[in-house]
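Counting starts at 1 for both ligands and their atoms, following the listed order. For reference, positions follow the sequence shown, starting with 1.
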Amino acid sequence: MTQRPFNFSAGPAALPEEVLHQVAAEMLDWQGSGMSVMEMSHRGREFISIYEAAEADLRELLQVPSNFRILFMQGGGLAENAIVPLNLSRGGKVDVVVTGSWSKKSAAEARRYADVAIAADGASSRYCDIPAPGSWQLRPDAAYVHVCSNETIDGTEFHELPDLKSLGSEAPLVIDCSSHQLSRPIDWSRVGLAFGGAQKNVGPSGLTLVFVREDLLGQALPICPSAFNYQTVAEAQSMFNTPPTFGIYVAGLVFKWLKKFEYAGKQGLAAIEQRNIDKAALLYAALDGTDFYENRVAAHCRSRMNIPFYLRDESLNEAFLAGARERGLLQLKGHKSVGGMRASIYNAMPLEGVQALVTYLKDFEKRHG
Ligand SMILES: *Cc1c(COP(=O)(O)O)cnc(C)c1O
């Protein structure tokens, strides 16, 4: 088997090769059923077994407490920007911490349903730093506080979730963890609701994971669509309407891959987290070790998943990308809103992929520096 290229896409992003092989092998006949998973009733025993295993494995991997419900929804992260206020705002106040492009979008969408205030805004650092939680302006009667725990475009990450109680707020914390979910554990004691589109680090697009604390169910606004009412979805085990069955199946295989994953003497989520730490450290060290490239994010909040960087001489951008493609290093172009380059190194990216990128960075600098 020839080696596939290393794919640095920000999303939809690379999946573990083993998972893709299993999906291919089972495409026409899932485990002797005579059906593809795409052709099965979501209420039949075959799919129910897929669903139940996926939910149990996900709960185990992330140590999700029993007072949280896991919902398998559709609509992606952007739909959740509306679905969360429809369910949790009670038409009242919502505080949003703006740390980059995605949280800015969340604030704008929530404004359609709630009284939104920006608790802090990292604009003055050009979103290269996360404002310290102690400086946030939190309203005592906010229905919830929204943060994006990993800003996919700007390349910042909360390495510790804010403890709202210690900041004097009783409001539940909502996190958009689309681009780093399952890359590290989540401190559930600090979270009321977490959501994320699957296509960055979990599976195919079309599936959205929602983790919601039970006491937050049952508060949806009357205008909330039934299919997006968390309580309705939770009561129906995510089958109020047809769930994204194929996405749940592929995500379930990714969960099994993660549970077995071994690295540096560890297993499961601890192992993948350690590999993510090592991959990110390798790439940041290479970028920091030269003036030819530059990452602008403050060291304490650099993302392990999305690493934007710039060539000091931007006239070399096209040559850089073409040379990368020739070496099998794909989709390194930065987001159009910020330019430059971006390496997304999600769970499925092996250490060898980052090593190959680092070697290319050095070779390109030698040729053009
Ligand atoms: C990609 C992304 C989204 C948007 O997700 P869609 O599935 O395209 O709606 C939202 N938030 C974050 C942090 C993302 O990375």
Side-chain angles (χ1 to χ4, degrees), residues 7-15 71-88 94 96-112 116 121-122 127-128 130 144-159 161-162 173-184 186 191 193-212 225 227-228 243-244 246-248 250-251 254 276 280 297 301-308 331 333-338 342-349:
N7 180 352
F8 295 90
S9 171
L15 285 165
L71 312 180
F72 293 85
M73 299 183 70
Q74 311 202 39
L78 286 191
E80 291 299 327
N81 282 344
I83 297 169
V84 172
L86 280 165
N87 277 276
L88 302 193
V94 169
V96 179
V97 178
V98 176
T99 53
S101 307
W102 289 113
S103 42
K104 199 182 281 178
K105 282 195 180 178
S106 301
E109 186 74 8
R111 261 201 190 102
R112 305 179 62 191
V116 172
D121 192 324
Y127 301 112
C128 289
I130 293 179
Y144 66 91
V145 177
H146 175 107
V147 307
C148 177
S149 47
N150 186 74
E151 284 280 2
T152 322
I153 293 172
D154 306 275
T156 59
E157 180 171 11
F158 280 84
H159 291 294
L161 291 174
L173 178 69
V174 170
I175 62 171
D176 173 359
C177 57
S178 292
S179 50
H180 72 161
Q181 55 182 341
L182 283 167
S183 72
R184 60 190 303 156
I186 292 177
V191 172
L193 183 142
F195 69 82
Q199 71 272 22
K200 312 279 165 64
N201 208 23
V202 174
S205 60
L207 167 65
T208 314
L209 302 180
V210 177
F211 307 82
V212 55
F228 291 156
F246 191 73
I248 292 169
V250 179
V254 170
N276 288 331
V297 177
C301 59
R302 284 174 156 184
S303 172
R304 293 174 185 164
M305 297 279 100
N306 310 99
I307 304 184
Q331 308 204 70
K333 193 175 174 148
H335 191 269
K336 59 183 187 304
S337 64
V338 292
R342 173 174 50 173
S344 294
I345 51 174
Y346 298 117
N347 287 349
M349 174 63 65

(request) Would you check, one step at a time, whether the test side chain to side chain contact (heavy atoms under 4.5 Å, CB included) holds for Phe72 with Leu209? (result) CA-CA 5 Å; Phe72 293 85; Leu209 302 180; 3.7 Å; yes
(message) Looking only at the side chains, is there a donor atom on one of Ser149 and His180 sitting less than 3.5 Å from an acceptor on the other?
(response) yes
(message) Starting from atom 5 (O) of ligand 1, what is the nearest protein heavy atom, named by residue and atom, and what distance separates them?
(response) Gly77 N, 3.4 Å
(message) Return the closest protein heavy atom for atom 11 (N) of ligand 1 as residue, atom name and distance.
(response) Asp176 OD2, 2.7 Å
(message) At less than 4.0 angstrom from any non-hydrogen atom of Gly76, what atoms of ligand 1 do you find?
(response) 7 (O), 9 (O)
(request) Would you give the length of the straight line joining atom CD1 of Ile153 to atom OG1 of Thr156, rounded to the nearest 0.5 angstrom? (result) 11.0 Å
(request) Examine ligand 1 and decide if any of its atoms is less than 4.0 Å from a heavy atom belonging to Asn150. (result) yes
(request) Would you mind running through ligand 1 and noting each atom that sits below 4.0 Å from a heavy atom of Cys148? (result) 13 (C)
(request) Quick one: look up the protein heavy atom nearest atom 7 (O) of ligand 1 and list residue, atom name and how far away it is. (result) Gln199 NE2, 2.8 Å
(message) By the definition side-chain hydrogen bond (donor to acceptor under 3.5 Å, both in side chains), identify the one residue from Asn306, Asn276, Asn201 that meets it with Tyr346.
(response) Asn306
(message) Between Val98 and Tyr127, is there a side-chain heavy-atom distance shorter than 4.5 Å?
(response) yes
(request) Decide yes or no for Val116 and His146: does some side-chain heavy atom of the first lie under 4.5 Å from some side-chain heavy atom of the second? (result) no
(message) Quick check on Gly197 - does any of its heavy atoms sit under 4.0 Å from an atom of ligand 1?
(response) no
(message) Are Trp102 and Thr152 packed together at the side-chain level, in the sense that at least one heavy-atom pair is separated by less than 4.5 angstrom?
(response) yes
(message) For atom 9 (O) of ligand 1, what is the closest protein heavy atom, and at what distance to 0.1 Å?
(response) Leu78 N, 2.8 Å
(request) May I ask you to identify the nearest protein heavy atom to atom 2 (C) of ligand 1, giving residue, atom name and distance to one decimal place in Å? (result) Lys200 NZ, 2.5 Å
